[in-house]
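Chain letters run A, B, ... following the sequence lines, proteins first, then strands; residues in each count from 1.
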Amino acid sequence: MPTFKIASWNVNSLRVRLPHLLSWLQEVEPDVVALQETKLPDADFPSMEIVNAGYTPLFSGQKTYNGVALLIKQKNAHDHENIITAFPTLEDIQRRVLAVTVNGIRIVNLYIPNGEALLSEKYQYKLNWLSSLDSFLKAERDHHPNYIILGDFNIAPTEMDVHDPKEWEGQVLCSEPEREAFRTMLATGFTDCFRQLNPQEKSYSWWDYRMNSFKRNRGLRIDHILASTSLASQCVKCYIDKTLRTLERPSDHAPVVAEFAIGVDKNNTI
DNA sequence: ATGGTCGGGCTCCGA
């Protein structure tokens, strides 16, 4: 039975993290990787290094902020189509969305806005953005039975995803409207792969650079891989790779990896 | 104790 391995990582500058990424690709060999916060314009994307590592890159970037990319292992890359870099219902100069269909699996890479604080304008932007995402997913879902949404959601879905729920109660990343938006995604027909396979595990994907947060494991689980219900039932493994957070000059996020055992079905092979 | 540390790119913004 063929397996399909997909990963999501907020690199917080692809320029700085490229050496980490290249050695990690060689070690883990995912079929598809979703990157967020590449922080570089498309003209500066390190395409040659990615191609030499065995991947075909797709990217939607901008100077300084945001930026998303998808790396597709070359053996799968011949069959990709229907690339989208924005929601039809949202005018937005920020590069936060990149969707593509690879061998019949719809893959949507998201860098959901951070929101800064509940009283900030950026929080309203986040909620509005989440509303456009909801419309997009509802419009697409029925056309793609095999569907994966992954990325930096900037939402810790439940108390189990927070090192200190009291300290974070009502704060941005943990507020009720954000969690409501996350539950709406699940209700639209998606499953949180990590939580499905590790129902009790307190693991995090992000630790603030400040205050020795990683050493003290003061983290949040805000990076996610969601799969459509039928696909999620074929998910055999999902984990957060904390080793990258221990390297010199790490990203503040660790990658999330999911593995699927795809049934032998001619309409559903990879 | 209301801080702190990164990255980008320019003396401050965003996370």
Side-chain angles (χ1 to χ4, degrees), chain A residues 8-24 34-46 49-50 59-69 90 92-98 109-130 133 150-157 161-175 177-179 181-182 204-224 240-256:
Chain A
S8 173
W9 190 25
N10 180 324
V11 290
N12 186 18
S13 169
L14 182 54
R15 260 191 267 265
V16 174
R17 235 61 70 190
L18 188 60
H20 290 183
L21 175 65
L22 293 176
S23 61
W24 187 73
L35 304 176
Q36 303 87 36
E37 285 205 89
T38 53
K39 293 188 174 181
L40 40 78
D42 290 348
D44 295 345
F45 195 91
E49 289 87 344
I50 296 299
F59 40 82
S60 177
Q62 65 184 101
K63 204 175 118 177
T64 311
Y65 302 119
N66 310 309
V68 282
L90 186 69
D92 193 1
I93 57 163
Q94 301 190 28
R95 306 286 80 195
R96 296 179 175 277
V97 186
L98 183 57
N109 178 15
L110 302 176
Y111 175 44
I112 293 178
N114 173 282
E116 192 185 27
L118 266 63
L119 295 176
S120 163
E121 277 181 25
K122 296 194 192 96
Y123 183 73
Q124 289 308 315
Y125 166 70
K126 180 178 196 172
L127 295 184
N128 184 47
W129 201 96
L130 287 165
L133 170 62
L150 77 172
D152 178 358
F153 284 58
N154 272 313
I155 301 173
D161 305 307
V162 181
H163 67 90
D164 185 343
K166 281 255 162 60
E167 182 181 324
W168 280 87
E169 192 175 357
Q171 302 292 319
V172 74
L173 313 184
C174 299
S175 75
E178 293 164 88
R179 287 177 167 173
F182 190 85
Y204 311 122
S205 65
W206 170 82
W207 302 260
D208 199 304
Y209 281 124
R210 295 167 288 190
M211 305 290 284
N212 283 317
S213 295
F214 181 67
K215 239 180 237 172
R216 300 155 69 197
N217 198 26
R218 293 171 55 81
L220 301 179
R221 192 175 70 92
I222 56 176
D223 300 87
H224 306 296
I240 299 166
D241 191 349
K242 280 174 73 167
T243 57
L244 276 87
R245 193 64 174 74
T246 68
L247 302 177
E248 291 263 323
R249 286 193 91 186
S251 169
D252 46 352
H253 294 253
V256 189

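- Taken to the nearest 0.5 Å, the CZ atom of R15(A) stands 5.0 Å off from the CG atom of L40(A).
- Here, dG4(B) and dA15(B) have their C1' atoms 13 Å apart, quoted to the whole Å.
- Between dG3(B) and dC13(B), the distance separating the two P atoms is 16 Å to the nearest Å.
- Rounded to an integer number of Å, the gap from CD of Q62(A) to P of dG14(B) is 12 Å.
- When heavy atoms are screened at a 4.0 angstrom cut-off, F214(A) is found touching no nucleic acid atom at all.
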Taking protein heavy atoms under 4.0 Å as touching, what does nucleotides 2-11 of chain B look like 5' to 3' if B marks base contact, S marks sugar-phosphate-only contact and - marks none? --BBSSSS--
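- The CG-P distance, from D152(A) to dG14(B), rounds to 17 Å in whole Å.
- D252(A) comes within 4.0 angstrom of no nucleic acid atom, judged by non-hydrogen atoms across all strands.
- Panel note: side chain H20(A), backbone E248(A); a donor-acceptor pair is recorded below 3.5 Å.
- Checking side-chain atoms of K126(A) against main-chain N and O of N154(A) turns up a donor-acceptor pair under 3.5 Å.
- Relative ring orientation between F153(A) and H224(A) is described as perpendicular, the plane-to-plane angle rising above 60° on a 0-90° scale split at 30° and 60°.
- Straight-line distance between the P atoms of dG9(B) and dT5(B): roughly 22 Å, to the nearest whole Å.
- Counting only N and O atoms by type, the side chains of N66(A) and R96(A) include a donor and acceptor under 3.5 Å apart.
- Atom CD in E37(A) sits roughly 7 Å away from atom C1' in dA15(B) (whole-Å rounding).
- W206(A) and H253(A) have tilted rings, their planes meeting at an angle from 30° to 60° on a 0 to 90° scale.
- Rounded to a whole Å, the CD atom of E116(A) is 11 Å from the P atom of dC13(B).
- If you take atom P in dC12(B) and the same atom in dT2(B), they sit 22 Å apart, rounded to whole Å.
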